[in-house]
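Working notes, beginning with the structure itself.
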Amino acid sequence: KLNKLGIKFLYIGILLLPTAPAIAVISLIFSLLLSSNINPINYFKDKSNKVFIIISFLMILSCIVNSFDYSNLIIKEFRFLSWISLINWIPFFWLFWGFEPYLKEPQVRKTIAKFLVIGTIPVIFSGFLQYFFNITGPFELLNGLIIWYQRPLSITDGITGPFNNANYAGSWLALVWPFSIAIFEFNKNKIKKSIATIICLLIIISVILTNSRNAWLGMLVTIPVMIGFEYIFLFIPLILLIGLVITFLLSLIPLHLRDSLVSFFTINIFNNFPENSLSIEESFPRLGIWSFSLKAISDRPLFGWGGGTFAILYKTFNEKWIGHPHNIILEVALSYGIATSIILSTSILRYLHKYYKFITLYSKNAKQAFKNYLTFEKAWFSSILFITYSHLFDIQYFDLRISIITWILLSGLKATMI
């Protein structure tokens with residue numbers, strides 16, 4: 001039997017997550033503690049958790065090896081970062097298991113979807129205040145417990161709302177976008193459908209104003225997932241190909257013409273596309289970052305360099321600060337070793353594949369009553385698919401809000417298929 005108080009704490013945490021993450025975390029911890037007591041499967045006996053136990057062991061082993069490897073002079077003063085970085089991973093393995101009893105219920109997943117959308121409305125209006133009225137922060141409440149960054153647009157070149165930068169804001173809006181579509185499709189009441197339509201439009205505008213390529217593509221990828229689910233593996237490569245063609249065509253526009261066209265757009269979209277006069281390295285700086293990451297991984301393939309060390313390594317060899325490798329697979333491999341990265345990546349992809357098969361099967365055979373809930377299941381899959389894809393080109397995971405919702409969505413995938 002589900003703990004009703006625990007579910008209420010879960011809903012409060014989801015509702016406050018985008019705007020008051022510190023308070024949301026407290027609520028979610030209470031929910032986790034209550035759910036852990038009712039979980040019928042012991043954490044260490046759960047077959048799915050054995051993979052994460054192995055990953056935890058490898059990460060801790062990497063920390064130990066790097067802590068006592070005094071030949072590693074580059075990061076000798078930053079060994080503590082490796083231990084601190086474990087906070088980004090091991091607690092979330094508990095979250096993955098702990099929320100499962102709640103997420104088995106379709107109604108709970110549906111309610112979470114609604115609270116995600118409702119909780120995002122302040123993010124939207126915060127961004128509009130930032131962009132249209134130049135109301136910028138940061139703003140603090142409760143002695144810094146709640147911070148809305150709302151940075152000046154001259155710095156971010158895209159709305160951020162409460163988030164630290166525009167890419168984080170764009171990712172949050174893009175992962176919530178499928179749930180707004182689900183609410184629109186599910187509601188038959190004209191008033192509720194009209195409200196859902198307005199929210200969908202506001203999210204679209206907000207995603208555009210973040211000026212984030214990842215968020216733009218994520219929004220586009222969602223559409224074929226929600227409409228033609230069985231054919232997403234045909235649609236998604238097509239959308240990515242169209243994106244590459246558009247990027248190439250925009251790069252051919254001369255610089256003086258770009259400057260003239262900027263005045264016709266609400267944001268300088270050309271900042272996201274390379275100039276044809278630039279070299280490959282200048283046009284696509286991620287290629288250089290990935291190349292550097294692969295070289296660093298090859299130097300220490302077994303246990304990596306330790307968590308949080310990429311920026312130190314990159315600055316040491318390139319005299320420039322880059323926070324992460326812009327690819328989550330490379331990030332884990334560089335931090336904790338190739339084996340850890342492969343095990344973690346394949347485990348998550350396996351859940352995605354199984355969930356895809358699950359929804360495809362029920363799309364064909366389920367009764368109408370279940371098909372109504374299937375709309376939210378597709379949105380759930382679409383959201384985690386966007387997060388997975390976006391982390392191949394950038395890493396938003398280190399924003400607490402993104403990491404929490406990522407693992408809740410993953411837990412929902414597992415819970416649905418049991």
Side-chain angles (χ1 to χ4, degrees), residues 6 9-10 13-14 16-18 21-36 39 41-44 46-63 81-104 109 112 116 168 171-172 175 304 306-308 324 327-329 331-337 339-352 355 380 383-388 390-391 394-416:
F9 277 124
L10 173 59
I14 294 293
L16 297 178
L17 188 57
I23 297 174
V25 166
I26 294 171
S27 183
L28 291 172
I29 288 174
F30 278 122
S31 180
L32 265 176
L33 291 171
L34 292 168
S35 68
S36 297
N39 199 321
I41 304 176
N42 182 280
Y43 182 89
F44 295 99
D46 189 332
K47 291 181 180 179
S48 300
N49 288 337
K50 289 181 180 178
V51 172
F52 295 108
I53 292 171
I54 293 171
I55 292 171
S56 299
F57 171 77
L58 290 173
M59 286 182 169
I60 293 171
L61 185 60
S62 168
C63 291
L81 287 176
S82 188
W83 292 98
I84 294 174
S85 294
L86 291 178
I87 298 173
N88 291 319
W89 300 103
I90 294 179
F92 293 100
F93 301 156
W94 171 45
L95 180 154
F96 175 78
W97 166 81
F99 280 135
E100 188 181 318
Y102 301 142
L103 298 173
K104 285 180 181 179
R109 296 195 297 276
I112 285 175
L116 273 173
Y168 291 164
S171 292
W172 180 269
L175 71 86
H324 51 71
N327 179 289
I328 195 69
I329 297 173
E331 165 68 26
V332 177
L334 187 142
S335 298
Y336 303 108
T340 306
S341 182
I342 291 174
I343 296 171
L344 181 60
S345 303
T346 53
S347 298
I348 291 172
L349 290 175
R350 182 168 57 89
Y351 282 119
L352 278 168
Y355 197 70
W380 200 279
S383 184
I384 192 63
L385 184 68
F386 160 71
I387 295 172
T388 304
S390 66
H391 277 77
D394 197 5
I395 301 178
Q396 307 88 32
Y397 181 84
F398 298 126
D399 182 281
L400 183 62
R401 288 162 283 208
I402 303 293
S403 54
I404 287 175
I405 198 60
T406 296
W407 285 99
I408 288 176
L409 291 172
L410 285 172
S411 181
L413 296 190
K414 179 192 173 188
T416 305

> Between Ile60 and Ile90, does a side-chain contact (heavy atoms from CB on, under 4.5 Å) hold up when you go through it step by step?
Replying inline: CA-CA 10 Å; Ile60 293 171; Ile90 294 179; 4.0 Å; yes
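- A distance of 9.5 Å separates CD1 of Ile29 from CG of Leu95, quoted to the nearest 0.5 Å.
- Take Trp97 and apply the side-chain hydrogen bond (donor to acceptor under 3.5 Å, both in side chains) test, not counting sequence neighbours, and it matches no residue.
- No donor-acceptor pair under 3.5 Å is formed between the side chain of Ser335 and the backbone N or O of Val332.
- The nearest pair of heavy atoms linking Pro101 to Ser35 is CG-O, 4.2 Å.
- Heavy atoms only, all atoms of each residue included: Lys104 and Ala415 are closest at N-CB, 3.7 Å.
- Separation of atoms OG (Ser85) and CD (Glu331) is listed at 8.0 Å; rounding is to 0.5 Å.
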> Would Leu344 and Phe52 count as a side-chain contact (heavy atoms from CB on, under 4.5 Å) if you check the C-alpha gap in whole Å, the side-chain angles of each, and the deciding distance to 0.1 Å?
Replying inline: CA-CA 8 Å; Leu344 181 60; Phe52 295 108; 4.0 Å; yes
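- Interatomic distance, OG of Ser411 versus OH of Tyr102, reported as 11.0 Å (0.5 Å rounding).
- Ring geometry for Tyr397 against Trp89 counts as parallel: the plane angle stays under 30°, on a 0 to 90° scale with 60° as the upper cut.
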>> Is there a side-chain contact (heavy atoms from CB on, under 4.5 Å) between Leu17 and Trp172? Walk through the geometry before answering.
In response: CA-CA 11 Å; Leu17 188 57; Trp172 180 269; 3.8 Å; yes
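- Counting all heavy atoms, side chain and backbone alike, Ser82 lies closest to Cys63 at OG-SG, 3.1 Å.
- Ring geometry, His324 versus Phe398: the interplanar angle falls from 30° to 60°, so the pair is classed tilted.
- In this structure, OG on Ser403 lies 9.5 Å from CD1 on Ile408, to the nearest 0.5 angstrom.
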>> Would Leu103 and Thr416 count as a side-chain contact (heavy atoms from CB on, under 4.5 Å) here? Give the steps.
In response: CA-CA 7 Å; Leu103 298 173; Thr416 305; over 6 Å; no
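- With a 4.5 Å cut-off on side-chain heavy atoms, Ile55 and Tyr336 do not count as touching.
- Looking at Ile395 and Asn327, their side chains never come closer than 4.5 Å, going by heavy atoms from C-beta outward.
- Closest approach of Phe93 to Ser56, counting heavy atoms only: CD1-OG, 3.2 Å.
- Here the shortest heavy-atom pairing between Asn49 and Phe96 reads OD1-CD2, 4.2 Å.
- When side chains are defined from C-beta on, Tyr351 does not count as touching Thr388, because their heavy atoms never get closer than 4.5 Å.
- How far CD1 of Ile387 is from CD1 of Ile402: 6.5 Å, rounded to the nearest 0.5 Å.
- Using modelled atom types, no side-chain atom of Ser31 and backbone atom of Ser27 make a donor-acceptor pair closer than 3.5 Å.
- Taking all atoms of both residues into account, the shortest heavy-atom contact from Ser171 to Phe386 is O-CE2, 3.4 Å.
- Between Ile348 atom CD1 and Ile329 atom CD1 the span is 9.0 Å, to the nearest 0.5 Å.
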